[in-house]
Amino acid sequence: MESEHEINREVEQFYLLLGQLRKQIVQLKQENRELRAENEQLQEQTGQQENNREEVFSVLGESERIALRHQIDGLIAKIDRHLEGL
């Protein structure tokens with residue numbers, strides 16, 4: 001059988017580990033709160049950027065949009081030809 005000293009040592013070890021675990025839980029909860037706040041800010045920024053993008057395209061007329069799309073398609077084709085040549 002285990003001696004009283006060994007049991008006390010194991011109990012101390014248990015409470016030490018329990019304390020460390022509680023400390024880690026508190027830290028993880030804090031980190032989780034910070035990450036949630038950061039995520040909320042990033043989602044707001046993304047929404048603002050999407051609104052700005054929509055505003056830019058809403059300002060363009062149909063013919064300007066077609067011309068812009070044609071330019072973009074041309075650039076993509078040039079990139080594709082360059083990459084195929086590598």
Side-chain angles (χ1 to χ4, degrees):
M1 294 187 81
E2 293 185 57
S3 72
E4 188 175 326
H5 177 70
E6 289 174 356
I7 292 173
N8 286 339
R9 195 170 45 101
E10 289 175 1
V11 168
E12 282 182 36
Q13 181 68 19
F14 171 79
Y15 282 113
L16 177 67
L17 293 172
L18 183 61
Q20 291 174 355
L21 184 59
R22 285 182 176 153
K23 183 178 178 181
Q24 286 179 343
I25 289 171
V26 168
Q27 289 172 342
L28 289 171
K29 284 182 178 181
Q30 178 62 33
E31 184 178 344
N32 190 28
R33 281 191 291 273
E34 291 169 1
L35 288 172
R36 284 179 191 254
E38 181 181 352
N39 186 34
E40 189 174 314
Q41 289 175 348
L42 290 171
Q43 286 179 346
E44 287 176 15
Q45 289 175 357
T46 300
Q48 290 171 354
Q49 289 174 353
E50 287 177 3
N51 289 339
N52 291 341
R53 183 179 49 97
E54 290 173 7
E55 289 174 11
V56 166
F57 283 107
S58 67
V59 171
L60 295 176
E62 184 65 26
S63 62
E64 293 169 320
R65 275 187 242 153
I66 292 171
L68 185 57
R69 181 175 291 147
H70 181 69
Q71 286 178 335
I72 292 171
D73 288 341
L75 291 172
I76 291 172
K78 283 183 180 180
I79 292 170
D80 287 342
R81 285 192 300 272
H82 176 74
L83 291 176
E84 288 171 0
L86 293 179

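None of the values given here were measured: they were computed from a predicted structure. Note that these values count all heavy atoms, side chains included, but never hydrogens, waters or copies made by symmetry.
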Report the distance from atom [atom1] of [X] to atom [atom2] of [Y], rounding to the nearest 0.5 Å.
X     : Y     : atom1 : atom2 : answer
Arg33 : Leu28 : CZ    : CG    : 11.0 Å
Lys23 : Ile25 : NZ    : CD1   : 13.5 Å
Asn39 : Asn32 : CG    : CG    : 10.5 Å
Glu10 : Glu6  : CD    : CD    : 7.0 Å
Glu64 : Ile66 : CD    : CD1   : 10.5 Å

Neighbour count above 12 (heavy atom, 6.0 Å) for Gln20 CD: yes

Charged N-O contact under 4.0 Å between Glu62 and Arg65: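 So Glu62 pairs with Arg65 through a salt bridge.
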
Listing, residues 67-76 side-chain donor-acceptor contacts under 3.5 Å, not counting sequence neighbours, or none:
none

For Glu34, give me all partners under side chain to side chain donor-acceptor pair (under 3.5 Å), at least two apart in sequence or on another chain.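 Expected list: Gln30.
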
Verify side-chain contact (heavy atoms from CB on, under 4.5 Å) between His5 and Asn8, making sure each step is shown before the conclusion. CA-CA 5 Å; His5 177 70; Asn8 286 339; 5.6 Å; no

Residues clustered with Ile7, ILVMFWY side-chain links under 4.5 angstrom: Val11, Phe14, Tyr15, Leu18

